[in-house]
Structures are given as C-alpha cells and as structure tokens.
> 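Have a look at the structure that comes next, please.
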Number of protein chains: 2
Amino acid sequence: MLTNERHDFILKLLEEKQTIKIQDIVELTAASESTIRRDLTELENRQKLERVFGGAVLPGRNLAEPSVADKSAQNLQEKINLAKFASGFVQHGDSVFLDAGTTTFQMIPFLTEKDLVVVTNGLTLVEALNEQGITTYLTGGMIKPRTGALVGAQTIQSLKNYRFDICFLGVNGFHPDYGYTTPDPEEAAVKKMASSLARKTYVLADHSKSNKVSFAKIMDLEEATLVVDELSADTFEVLEKKTTVKVGKA
Amino acid sequence: MLTNERHDFILKLLEEKQTIKIQDIVELTAASESTIRRDLTELENRQKLERVFGGAVLPGRNLAEPSVADKSAQNLQEKINLAKFASGFVQHGDSVFLDAGTTTFQMIPFLTEKDLVVVTNGLTLVEALNEQGITTYLTGGMIKPRTGALVGAQTIQSLKNYRFDICFLGVNGFHPDYGYTTPDPEEAAVKKMASSLARKTYVLADHSKSNKVSFAKIMDLEEATLVVDELSADTFEVLEKKTTVKVGKA
DNA sequence: TGCTTATGAATGATTATGATTGATTTTGGA
DNA sequence: TCCAAAATCAATCATAATCATTCATAAGCA
C-alpha cells in the first residue's frame, strides 16, 4: 500500500468513525505501528486530524466545513443534485458569484473546466475552488466565526468592484408574500448587493425552505430565478419570474 | 508498445484504480522502470496525474494533500520564539495588521485577551484567529493558491479603508542596500500599502533572511523596525531606524 | 550517414519503513 | 490517595524502497 493511499485510508476511516485507535489502523493496513504513528503525526501537522493518547480524532474546527460537517445531514444528496442541476446554467467563461453556504459549496465540483472567474464571500468555499483550479476572488469584510461568511460594509464595498454574469445564492426560506429571507441582516445585504451586480441570479433552495420565513428579507421572489427540488426526487422546479417550469433531472 | 500508447494505458489504468504503483505499471507494460518514471513525470507536467512516492494519483483527488496551513515548517521553534517576542509590542485595544505568512501565523496564540481588531490578507491565519476569539477582518482580493495570500488591486483598495496601530510583516530577505524583499511583486505591494497605513511597522525575520535579496522590493530597512533572532538562540535584535538594540529573550 | 529522440541500466541521494530503546501516560487495584 | 503494571509514546537506528541524474545504446527519420 502506498504511503499516500494509507493517509487517505486513515482519513476516510476517521471520518466514518470519528475516532480511531492506532492498533486498529495497524491491523487494517498491515503496516507497522511506527509507520502509523508517523502517519498520524504527519496528518496532524496538516491539520487533518488531532492526535489523542492511543489514536486520533477529527480536528476541532471553528468554521463550519461543509464537506465534512454535512455528510450526516439528511438532505445532502438532494443538495448535491440541486447543485449539479444549477451548475448547468453556468456558461464557459462566465464571471460567477457564489454565495457562502452549503448548497453553493456543492456546486464547486461541477464547475471545473469552464474557465470561470469566481467571486465568493464564503471562506469555506475557497479551498474547494482552489482544488478545482478555479481563479478565485474573495470579498473583503468581517468574518462571521460560525459560518465563515464575510459580511459588513467592507464586503458590500468590495463587491461593487465586480460585475457578474451569473449569481448563485442560498437562502433560509422563500415565501410568496415575504420573498427570500435569511436570519442575518448583514448576510441579507451582501446577497442583495451581489444579486444586483449580476445579469442573472439563481436562488438555490431545497423543498424544506418552501413557505419558510426568516428574519431578514433579501428581496422579492420575482427578482431572482428560484431553483428548488421536488419532494418526488428526480425533478426540479425552476420558477422564473413567477413562471413555473418543470425540468427533468440533471 | 509506443510511447503514446503507453501514456494512454497509464491514464486509463489510473482512471480505473484511482491510484497506481510504479512497479505495477512496469509489470503490465514490460517497459523499464526508468521509462515509466519518465512517463509519469511527463504526464504530471501535463496535469493528467499527480506523482506521489511510489506511484501516482488522479489530480485533485488527493485527500491527504498538505493544506496551506501546514505546520511542519523548517525553523519552527525559532519562528515561535520570534513571534512570541514580537507579540509583546501589541498594546491592549490595538488595531493590528497581520501579514500572510508562517511567522506572523505563530504570533496568533500570543495575541489573545488583548481586545484587538486584526486585519489580515492571509487565509491561513483566519481560523487560528477565530479560535482565539479575535475580531478578524479579511482584505478582499485574488487568492494565491499556493500560499493562501490575498493580493492584487482589490486587496490594496480594501486596505485603504483601515488604519492600523501596528503592522507585522514577513519578508524573504533583508539587506542594507536593497531593503526588504519578497519574491512576488503583488505581495510586496500589499505589504508596502499595509505598512503605510500603520503608525508603526515591524518586520519579522529569522537570521536566515539576513543579507538575502529577493525579486521584489517592499521598502527600505529604515522604514520599519526589524525584529530578527540571533543565531545564539535566546536573544533578539531589534533594529530601529538603524539603531541596534539587544534584548533578552521573550 | 548524421541527427534527434526514446530507452534501459547504473549511480548515489533521498525517503519510507520496521524494530528497539527508554520515557511518559493511563489504568486499575490497594 | 498512592503505587505498580500496562499501554502508549517519541527518538533513534539500520534497512529497504524509491528517487533523480547520468550515460551509453538503440530506434526512428531526413
């Protein structure tokens, strides 16, 4: 087994079980204890795990890491389907705004090889974008510790330096009377500004957000195109300027 | 077997297995190890795969890849000592600029409980700052994938919205004639701008940077206070406006 | 033939590995 | 609580695998 393979194996195992014992890894990999020890030290230096006496645990992260944290979430597969579908709207060479959030995060693997320029206010998206080799700009601003989103006056201001062909937003609720809403007014302001700088805006939401209302209003429903998955799995609804269109699955 | 054929064969094999060992390819192709090595080097240059010790993996799919936040630096302990010492200059309530880089990164644990506002252009610093509960602002700009530093016109512009009590920079070399230098002109520009917005600027460098000259000049030596560790371990030199002061260890 | 390119073997350097040592930490019973 | 046994640990060493480099040969082509 290759060194690199073993590292991957350990990380995968750790993600599954949350906690691993050195002796277990030794048995499963048929490598010596010394080697596994070295692996763990190495991976700890890379901040992929934290060592504890007798084994290792997942690293304590302050910023929400969508890739890891959400794996257990119920609607992950739905989000991925939704993200994949929405990625189809992106044209080769587009300038794209990607909102901070888990759904937009899932779009990233589907944006490769499109020669894009992506601007985002989501710290958690950056590493994944880099991995895809996508030219990435980050807005400035204050960091919201829990979510890793950039918000505030500086964010708004730095956004004004860009124009987007296409803009993807996540929301916490959408409602015919109250429009798109999200809990944080600061984030709402950022989303609104980004949208206003884009030729076309798509709001991604799974069906659980339907008719939900949150504290801060972003904008009215008809100001963006809503992409929402159907409960009946493999179709999506695209509500464009109050027009309903049914589409087959991506 | 033709060279091109062999290349295709390797890529196909890699696609199937995700990870391949050089020895396996040697057996399957009946070519010599040298040839396979050359093939892999070639294919890596074309970004078709990534080499790892003993074989190759698909590009980007390397779970255990060292992240930018890798702690396993060369002279880590020296850097920590230097960082700890420099942290002493920070006053309670200061607004601080922290340059992207490993030395400034090491300052973070010593900045806690000082009620600071920190601005940085280093993505790798953000999580550590959050862990310390420090209010953190990020400059905007383009992300340099390798280092996680923000650079470019947007970075410069967003800096102009701030004023700093104190500014800490890392450099790649300092020299009496050529001043402070760093390889990337973009980064140099950011450092210079940050410094010009601060009441006081400190440059952190370990002794290995002494009399080194890199491509892009940041500014002259006397425009900042240089903090450098001595080879003889436990002392630091603080060169302030060409005045030399020896100080005991932090 | 003369030229370029691809190949394979040999080298010394680098890196990964497994076993051993003595120190440190945890555990469990008095 | 304290102590001793067991488990785990970091550090070191020798070995083995892998690596980049060099050089000589073979194959392809004008």
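The chains referred to below are lettered A, B, ... by the order of the sequence lines, with proteins before strands, and numbering in each begins at 1.
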> What I want to check is whether the side chains of A:Asp115 and A:His92 have a donor and an acceptor closer together than 3.5 Å.
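Short answer, no.
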
> Hey, are A:Gln132 and A:Glu113 close enough side-chain-wise for a donor-acceptor pair under 3.5 Å?
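No, because no side-chain N or O of A:Glu113 sits under 3.5 Å from a partner of the opposite role on A:Gln132.
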
> To the nearest Å, how far apart are B:Glu5 CD and C:dT7 P?
11 Å

> Rounded to whole Å, how long is the line connecting atom CD1 of B:Ile20 with atom C1' of D:dT18?
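In whole Å, D:dT18 C1' lies 15 Å from B:Ile20 CD1.
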
> State, without any angle test, whether B:Lys191 and B:Thr182 hold a side-chain donor-acceptor pair at a distance under 3.5 Å.
no

> Check nucleotides 13-22 of chain C against the protein and report each pair of N or O atoms closer than 3.5 Å, with its distance, or say if there are none.
| unit_1 | atom_1 | unit_2 | atom_2 | d |
| --- | --- | --- | --- | --- |
| C:dA16 | O3' | A:Thr3 | OG1 | 3.1 |
| C:dT17 | OP1 | A:Thr3 | OG1 | 3.1 |
| C:dT17 | OP1 | A:Arg6 | NH1 | 2.9 |
| C:dT17 | OP1 | A:Arg6 | NH2 | 3.3 |
| C:dT17 | OP2 | A:Arg6 | NH2 | 2.8 |
| C:dG18 | OP2 | A:Ser32 | N | 3.0 |
| C:dG18 | OP2 | A:Ser32 | OG | 3.1 |
| C:dG18 | OP2 | A:Thr35 | OG1 | 2.5 |
| C:dG18 | N7 | A:Arg38 | NH2 | 2.5 |
| C:dG18 | O6 | A:Arg38 | NH1 | 3.1 |
| C:dG18 | O6 | A:Arg38 | NH2 | 3.4 |
| C:dA19 | N7 | A:Ser34 | OG | 3.1 |
| C:dA19 | N6 | A:Ser34 | OG | 3.2 |

> Using a heavy-atom cut-off of under 4.0 Å over every strand shown, decide if B:Val52 touches base, sugar-phosphate, or nothing.
sugar-phosphate

> Could you tell me the separation between the CG atom of B:Asn45 and the P atom of D:dA20, rounded to a whole number of Å?
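Checked: the CG to P distance equals 11 Å.
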
> Strictly below 4.0 Å: does A:Arg51 bring a side-chain N or O up to OP1 or OP2 of D:dA10?
yes

> B:Ser196 side chain to B:Met193 main-chain N or O, any donor-acceptor pair under 3.5 Å?
yes

> Output the rounded distance in Å from NZ (B:Lys21) to P (D:dA17).
13 Å

> Using whole Å, report how far CD of B:Gln23 lies from C1' of D:dC19.
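The distance from CD of B:Gln23 to C1' of D:dC19 comes to 12 Å, rounded to the nearest Å.
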
> How many whole angstroms separate atom CD1 of B:Ile36 from atom C1' of D:dC19?
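The distance from CD1 of B:Ile36 to C1' of D:dC19 comes to 15 Å, rounded to the nearest Å.
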
> Quickly work out the A:Glu42 CD to D:dA10 P distance and round it to whole Å.
14 Å

> Does B:Arg37 put a side-chain nitrogen or oxygen below 4.0 Å from OP1 or OP2 of D:dC19?
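Checking B:Arg37 against D:dC19: at least one side-chain N or O falls below 4.0 Å of OP1 or OP2.
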
> If the plane angle is over 60° it's perpendicular, under 30° parallel, otherwise tilted; pick one for B:Phe89 and B:Phe85.
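The rings of B:Phe89 and B:Phe85 stand perpendicular, inter-plane angle above 60°.
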
> Angle class for the B:Phe174/B:Tyr180 ring planes (parallel below 30°, perpendicular above 60°, tilted otherwise)?
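Plane angle between 30° and 60°, so tilted.
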
